[in-house]
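Here is the structure we will look at, set down as structure tokens.
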Amino acid sequence: MMTLFEKIYRILPEDQLYDLLPTGGKTGTLKNTYQASSPYVFAKTGTMANHHSLVGLIKTKSGKIYGLVFMNSNYPYPASTVRKEMEKVLVMVREML
């Protein structure tokens, strides 16, 4: 997934890529998650019966941008629980890097 996203990242102009990706706390499937004063997650999601994935970009407080792939499979919890735990991890990444 990261290799494919990296190819898209290298082909598309940055502003066009950000327009295509849902933005945490602002648009699309991320509208109600990853909320902050300044958006920091720009990614596509995918959810199917006990599988949830997130592929895109994360912007850290230091201003660096990293590609991210977060894939969860065969979990015994509601997807909302998994998303909340993912958000905790991504907040730590945003703060620490």
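Please read these numbers as outputs of a predicted model, since none were measured by experiment.
Of the possible donor and acceptor atoms, one in the side chain of Thr60 sits under 3.5 Å from a partner among the backbone N and O of Leu97. For the pair Asn72 (side chain) and His51 (backbone), a donor-acceptor distance under 3.5 Å is absent.
Going from atom NZ of Lys44 over to atom CZ of Phe5 covers 10.5 Å, rounded to the nearest 0.5 Å. One distance of note links CZ of Arg94 with NZ of Lys59; it measures 10.0 Å at 0.5 Å rounding. How far CG of Leu54 is from CD of Glu87: 10.5 Å, rounded to the nearest 0.5 Å. Met1 CE to Leu68 CG: the interatomic distance, rounded to the nearest 0.5 Å, is 11.0 Å. In this structure, CG in Leu90 is found 5.5 Å from CZ in Phe70, a value given to the nearest 0.5 Å. Note that CG of Asn50 is 6.0 Å distant from OH of Tyr75, once rounded to the nearest 0.5 Å.
Linking ILVMFWY side-chain heavy atoms closer than 4.5 Å, directly or via other members, places Val55 and Leu12 in a single hydrophobic cluster. The cluster map of Ile, Leu, Val, Met, Phe, Trp and Tyr, joined by side-chain heavy atoms under 4.5 Å apart, puts Val91 and Val93 in the same cluster.
Between Tyr40 and Ile58, the closest side-chain pair of non-hydrogen atoms falls below 4.5 Å.
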Pair Tyr9-Glu14, side chain to side chain contact (heavy atoms under 4.5 Å, CB included): steps then yes or no: CA-CA 7 Å; Tyr9 180 80; Glu14 194 169 306; 4.3 Å; yes

Pair Met71-His52, side chain to side chain contact (heavy atoms under 4.5 Å, CB included): steps then yes or no: CA-CA 6 Å; Met71 301 175 90; His52 179 71; over 6 Å; no

Anything under 3.5 Å between a donor and an acceptor, one on a side chain of residues 15-34, the other on a protein residue two or more places apart or in another chain? List them.
| residue | atom | partner | partner atom | Å |
| --- | --- | --- | --- | --- |
| Thr27 | OG1 | Thr23 | N | 2.8 |
| Thr29 | OG1 | Thr45 | OG1 | 3.1 |

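Across every non-hydrogen atom of Gly67 and Met2, the tightest pair is CA-CE, 3.8 Å.
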